[in-house]
Amino acid sequence: MITKALSPAEAYENRMHLIGRITLPVGLILTFLPPLILWLRFGILPPGKSLLEGVVGISSVMIPVSIVEVLTFTPILGSAAMYMSYLTGNISNMKLPSAALAMESAGVLPGTKEGDVASTLAIAGSVFASELIIVLGVLLIAPLSARLQTPALKPAFEQVLPALFGAIGAYYIAKSWKLAAAPLAVALLFGFLPGVPTAISIPLCGLASVLAARFLYRKGLAKA
Amino acid sequence: MGDYLDIANDPVFFACGAAIILFVLGQAALFTRAAYREGRRLGMERRTLWRSFRAGAISSAVPALAVIVALVTMVPVLGVPVPWIRLSVIGSAPYELMAAGIGAKTMGVNGLGGSGYTAEVFAASVWVMCSGSIWSVLLVAFATKRLKKRVSGSLDKDPAWRNVLMNAAFLGVFSIFIADPIVRGGLPLATLGASALIMALVGLAVSRLKAEWLREFALALSMIGAMGAAALLAPLFS
């Protein structure tokens, strides 16, 4: 058998996949520690029938959602970024915006090798910061519970998503309003049609965005 | 019969949470080291690499505070350690509450906490919360490599298009969240506007004053300012 020499870039990709493919399943098993401890140490286990019903119920929601979501995020995020994002969650409200703005502040383009490195580091930074801040929150949970539920602060935290995406919107409109127009129009349309789950609206909006971008690019109206 | 919250808050679960967080940080450390070396190999400056890491950390600080707020709302019904673990790994508050609700329903209990929500019902909630996230994690673990090969193979020929495509893909996801407050109007729209305005001002400051260092703080500043505006403006909209 002939062993093919890997280029350094391929070796890097393979290394990232290796780390991800080991850590993600192990992490998944670790997340089952709480229910396993409830069962093995405290002897508390729901009846088999309920358990089965619950697993089937949640899976019937999550299997289609997961497939669509993974297909949407894989082209956007680098491999390492995918493995970290899926272990830690909060993808569209934390990991994606961090990655987008970090590439900007590092002055590299998304989709390039440098962009992949910068977004991987940004998401790692995001993981460290968010996990440590949440740990602090857990340590201070008693005093925080009282503070955060004061009427004056409540509206601020209820509006955390608009506060995030206003800035993101301004950034992309300033950067390339032509690219932003189509997905925003489709998203507004979905907004006025009540009851469309994000598992459907996000991929469709992404598709519209990509098709419009292809059109603009062919016409020479969209530049990198 | 003991209260299920005594069990839910047992130290063993805190130890469990600590172990899981350490594992997550370990994974991030492995990826950081590999990406840093690759960046150096590609000729990127140390400063640029460190700046990316820092930008990611700073941009996540305010969303992380929002996770703590979600945690605070879940603690009275599920104890501290389980929401902490679930929100630190994989999950998000709406998913966890839905899953916990499904778990309770299979035991014939509607709603979380309250009477009838026994230790066994709590266990059913926790099993369902954990089971729902199996699929996405397994899919990413075993399909990413194959999917990536397919995606990059078709895009390597035209780097300029690749870059436009990436921005378009980001925009596709973000647009849904930008459009939502516009449709809802009122306080969400006012908050969105305040955030966009601050971002624009920070952008102007970066280009006019050559204040490059401001860039990494742009998102955090916009969020804090807009959330402050939401708190001030709330009485007008209620």
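Chain identifiers are assigned alphabetically (A, B, ...) following the order of the sequence lines, protein sequences preceding nucleic acid strands; residue numbering begins at 1 within each chain.
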If you count heavy-atom pairs within less than 4.5 Å of chain B, which of [options] leads?
options                               : result
A:Ala170, A:Pro35, A:Gly206           : A:Pro35
A:Thr120, A:Val138, A:Leu161          : A:Val138
A:Ser119, A:Gly115, A:Pro110          : A:Pro110
A:Gly20, A:Ser130, A:Ser201, A:Gly57  : A:Ser201
A:Leu101, A:Leu140, A:Asp116, A:Leu28 : A:Leu28
A:Cys205, A:Gly137, A:Gly169, A:Pro25 : A:Cys205

Can you measure from [atom1] ([X]) to [atom2] ([Y]) and round to the nearest 0.5 angstrom?
X        : Y        : atom1 : atom2 : value
B:Leu192 : A:Leu164 : CG    : CG    : 10.0 Å
A:Ile134 : B:Ser88  : CD1   : OG    : 4.5 Å
A:Leu109 : B:Asn163 : CG    : CG    : 4.5 Å
B:Phe170 : A:Ile76  : CZ    : CD1   : 6.0 Å
A:Ser105 : B:Arg51  : OG    : CZ    : 6.5 Å
B:Ile7   : A:Ile44  : CD1   : CD1   : 3.5 Å

Heavy-atom cut-off 4.5 Å, strictly under: side chain, backbone, both or neither for [X] against chain A?
X        : answer
B:Ala220 : neither
B:Phe14  : side chain
B:Ile85  : side chain
B:Ile134 : both
B:Phe31  : both
B:Pro181 : side chain

Just checking [X]: does its [atom1] atom have more than 12 heavy atoms from other residues, nucleotides or ligands closer to it than 6.0 angstrom?
X        : atom1 : answer
A:Arg15  : CZ    : no
B:Arg33  : CZ    : no
B:Arg146 : CZ    : no

Which heavy-atom pair separates [X] from [Y] by the least distance, and what is that distance?
X        : Y        : answer
B:Trp135 : A:Ser66  : CB-OG, 4.0 Å
B:Ala61  : A:Ile133 : CA-CD1, 3.7 Å
A:Met94  : B:Val67  : CE-CG2, 4.2 Å
B:Trp161 : A:Val210 : CH2-O, 3.9 Å
B:Phe53  : A:Ala124 : CE1-C, 3.8 Å
A:Leu33  : B:Cys16  : CB-SG, 3.3 Å

Tell me, out of [options], who's got the most heavy-atom pairs with chain A below 4.5 Å.
options                                : answer
B:Val82, B:Asp10, B:Val126, B:Leu171   : B:Leu171
B:Ser222, B:Ser133, B:Ala169, B:Ala55  : B:Ala169
B:Ile182, B:Ile58, B:Val12             : B:Val12
B:Ala28, B:Pro63, B:Ala18, B:Ala141    : B:Ala141
B:Glu120, B:Met223, B:Lys145, B:Arg215 : B:Lys145
B:Val121, B:Leu139, B:Thr48            : B:Leu139

Where do A:Leu38 and B:Phe122 land on the side chain to side chain contact (heavy atoms under 4.5 Å, CB included) test, with the steps shown first? CA-CA 10 Å; A:Leu38 272 174; B:Phe122 171 69; 3.9 Å; yes

Is chain B contacted by the side chain of [X], its backbone, both, or neither, given a heavy-atom distance below 4.5 Å?
X        : answer
A:Leu132 : side chain
A:Ala182 : neither
A:Glu158 : neither
A:Asn93  : backbone
A:Lys49  : neither
A:Arg41  : side chain
A:Ile141 : side chain
A:Ala180 : both
A:Glu114 : both
A:Asn14  : side chain
A:Leu71  : side chain
A:Val186 : neither

Restricting to pairs with a member in residues 82-117 of chain A, which pass ring pair (Phe, Tyr, Trp, His ring centres under 6.0 Å), not counting sequence neighbours? A:His17-A:Tyr83

Using side-chain heavy atoms (C-beta onward) and a distance below 4.5 Å, is B:Trp127 in contact with A:Val55? no

Verify side chain to side chain contact (heavy atoms under 4.5 Å, CB included) between B:Arg37 and A:Tyr12, making sure each step is shown before the conclusion. CA-CA 9 Å; B:Arg37 285 187 182 161; A:Tyr12 167 70; over 6 Å; no

Might you work through the side chain to side chain contact (heavy atoms under 4.5 Å, CB included) test for A:Thr31 and B:Arg86, ending with a clear yes or no? CA-CA 8 Å; A:Thr31 64; B:Arg86 297 300 309 166; 4.2 Å; yes

Do we see a donor-acceptor contact under 3.5 Å between the side chains of A:Thr23 and B:Gln27? yes

Looking only at side chains, do B:Ser60 and A:Ser98 share a donor and an acceptor under 3.5 Å apart? yes

I'd like to know whether B:Leu219 forms a side chain to side chain contact (heavy atoms under 4.5 Å, CB included) with A:Tyr171, so could you lay out the CA-CA distance, the side-chain angles of the two residues, the decisive distance to 0.1 Å, and finally the verdict. CA-CA 10 Å; B:Leu219 193 61; A:Tyr171 168 72; over 6 Å; no

So, B:Ser195 side chain and A:Ala167 main chain: donor-acceptor pair closer than 3.5 Å or not? yes

